[in-house]
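The residues of the chain are indexed from 1 along the displayed sequence. All figures in this text were calculated on a predicted structure; none of them were measured in a lab.
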Amino acid sequence: MYTLIGTPAARPFRVLWALEELGQKYDIVPAKPQSKEALQYNPAGKVPILLDGDNAIIDSVAIIQYLADKHGDLTYPAGTIERAQQDSFTQFACDDIDGVLWTMAKNSFVLPEEVRAPDVRKACEYDFALSMTALEKRLGDSAYVMGDRFTIPDLLIGHCAGWAENAKFTLPDGRITNYIERIRSRPAFIRSSDVRQTYSGK
């Protein structure tokens, strides 16, 4: 049994989705960033946090990769060429997609208004479009980024796609939208979305 600390409406959703994909049991403590529960385990006060027994793991990507490695699914083994290629896609998802969307979010509603960059949207939309072009080329005709196998970077990209839609960024029609639809129609994603809904507004 794992304990997920963090409201599923934000980044903790990634961990929730991974737990559902892996068929693991969990409890949720829907704590917000900078809450007492968050600060207890993460000096930065960020969520998600995963408790595995007496051990706490922070950072969503570290958590989901740990779960994938531990349970032998959603990933290729460390030290293989496939894992190196998978990790490359993970870094692409974090740097070129998540990073752009997070920059947009911080300058839209996260940071204090007086320090936000007022014209950041144009730059973010430009970077996001470049990322989508690169993703389409790297994806090719494959079902997922690593071929026929759903892995950690697919989960990250699928989660980021929801952020992109909320921010009204353009997802290219065709190969990319089909890929995103394929990811977000997975039963574990649907179950996770149902769980997230039960915590909305909390």
Side-chain angles (χ1 to χ4, degrees), residues 1-33 35 37-38 41-42 46-53 55-76 86-87 89-90 92-94 97-102 105 110 135 139 142-146 148-169 171 176-202:
M1 173 74 77
Y2 295 102
T3 299
L4 170 58
I5 298 175
T7 173
R11 266 180 216 275
F13 180 79
R14 298 171 176 180
V15 182
L16 169 61
W17 184 1
L19 288 164
E20 287 288 347
E21 288 279 357
L22 295 166
Q24 297 301 307
K25 295 182 179 179
Y26 57 87
D27 289 324
I28 296 177
V29 178
K32 294 182 178 180
S35 63
E37 294 90 349
Y41 298 102
N42 186 344
K46 296 180 179 181
V47 294
I49 300 157
L50 183 75
L51 301 184
D52 184 358
N55 299 297
I57 307 165
I58 60 176
D59 187 275
S60 63
V61 178
I63 293 169
I64 62 178
Q65 187 60 62
Y66 165 75
L67 288 169
D69 286 335
K70 181 177 179 179
H71 296 286
D73 199 0
L74 309 180
T75 190
Y76 285 87
Q86 175 191 310
D87 288 346
F89 273 111
T90 296
F92 171 78
C94 292
I97 302 177
D98 187 326
V100 173
L101 295 168
W102 182 229
V110 177
L135 176 60
L139 182 64
S142 299
Y144 302 110
V145 297
M146 290 298 296
D148 293 332
R149 185 175 181 182
F150 180 84
T151 56
I152 289 298
D154 296 302
L155 188 152
L156 292 170
I157 294 169
H159 183 223
C160 286
W163 288 0
E165 290 170 352
N166 290 338
K168 302 189 184 308
F169 278 28
L171 291 168
I176 294 298
T177 51
N178 291 340
Y179 164 64
I180 297 300
E181 183 178 348
R182 188 178 307 118
I183 293 172
R184 293 168 68 88
S185 64
R186 292 177 64 83
F189 176 83
I190 295 170
R191 291 195 302 270
S192 303
S193 298
D194 290 341
V195 173
R196 176 172 57 186
Q197 186 62 32
T198 67
Y199 286 92
S200 62
K202 293 187 180 181

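The heavy-atom pair separating Pro48 from Val15 by the smallest distance is CG-CG2, 3.8 Å. Here the closest heavy-atom approach between residue Gln65 and residue Gln86 is recorded as OE1-NE2, 3.4 Å. Contact between Ala38 and Lys46 at its shortest, heavy atoms only, is CB-O, 4.3 Å. The minimum heavy-atom distance between Ala68 and Thr75, with the atom names listed, is O-CG2, 3.6 Å. Residues Pro30 and Tyr199 approach most closely at CB-CD2, 3.7 Å, considering heavy atoms. Pairing each heavy atom of Ala18 with each of Ile64, the nearest pair is CB-CG2, 3.7 Å.
Counting heavy atoms from C-beta on, the side chains of Tyr2 and Ile57 never come closer than 4.5 Å. Within the 4.5 Å cutoff, side-chain heavy atoms of Trp102 are placed close to those of Val110. Contact annotation: the side chain of Tyr179 approaches that of Val145 to within less than 4.5 Å [non-hydrogen atoms, C-beta and beyond]. Inter-residue side-chain proximity for Tyr76 and Arg149 is flagged as met; some heavy-atom pair is nearer than 4.5 Å. Considering only heavy atoms from C-beta on, Thr151 stays 4.5 Å or farther from Tyr144 through its side chain. Counting only heavy atoms from C-beta outward, the side chains of Asp154 and Leu74 never approach each other to under 4.5 Å. Here the side chains of Leu156 and Asp98 are not in contact, with every heavy-atom distance at 4.5 Å or above. For the pair Asp73/Glu21, no side-chain contact is recorded, criterion being any heavy-atom separation below 4.5 Å from C-beta on.
Phe89 and Phe92 have perpendicular rings, their planes meeting at more than 60° on a 0 to 90° scale where under 30° would count as parallel.
Rounded to the nearest 0.5 angstrom, Phe189 CZ and Arg196 CZ are separated by 5.5 Å. Distance CZ/Arg182 to OG1/Thr177: 9.5 Å, rounded to 0.5 Å. Rounded to the nearest 0.5 angstrom, Leu16 CG and Ile63 CD1 are separated by 12.0 Å. Atom CG of Leu50 is separated from atom CG of Asn55 by 10.0 Å, given to the nearest 0.5 angstrom. Here Ile28 contributes atom CD1 and Thr198 contributes atom OG1; the two are 6.5 Å apart, rounded to the nearest 0.5 Å. Once rounded to the nearest 0.5 Å, the distance linking CZ of Arg184 with CG of Leu155 reads 10.5 Å.
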In residues 160-168, what donor-acceptor pairs under 3.5 Å come from side-chain atoms, sequence neighbours left out?
unit_1	atom_1	unit_2	atom_2	d
Asn166	ND2	Gly162	O	3.3

- prompt: What do the steps show when you test Ile180 against Ile157 for side chain to side chain contact (heavy atoms under 4.5 Å, CB included), and what is the final call?
  reply: CA-CA 8 Å; Ile180 297 300; Ile157 294 169; 3.9 Å; yes
message: Applying side chain to side chain contact (heavy atoms under 4.5 Å, CB included) to Leu22 and Lys70, what does each step give before you reach the verdict?
response: CA-CA 10 Å; Leu22 295 166; Lys70 181 177 179 179; over 6 Å; no
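Of the possible donor and acceptor atoms, none in the side chain of Arg191 sits under 3.5 Å from a partner among the backbone N and O of Arg186. Asp148 places no side-chain N or O within 3.5 Å of a backbone atom of Ala143 that could act as its donor or acceptor partner.
Applying the side chain to side chain contact (heavy atoms under 4.5 Å, CB included) rule to Glu37 yields the partners Ile5, Val29, Ala31, Ser35; only residues at least two apart in sequence or on another chain are considered.
Checked by atom type, the side-chain pair Ser60/Arg14 shows a donor-acceptor distance below 3.5 Å.
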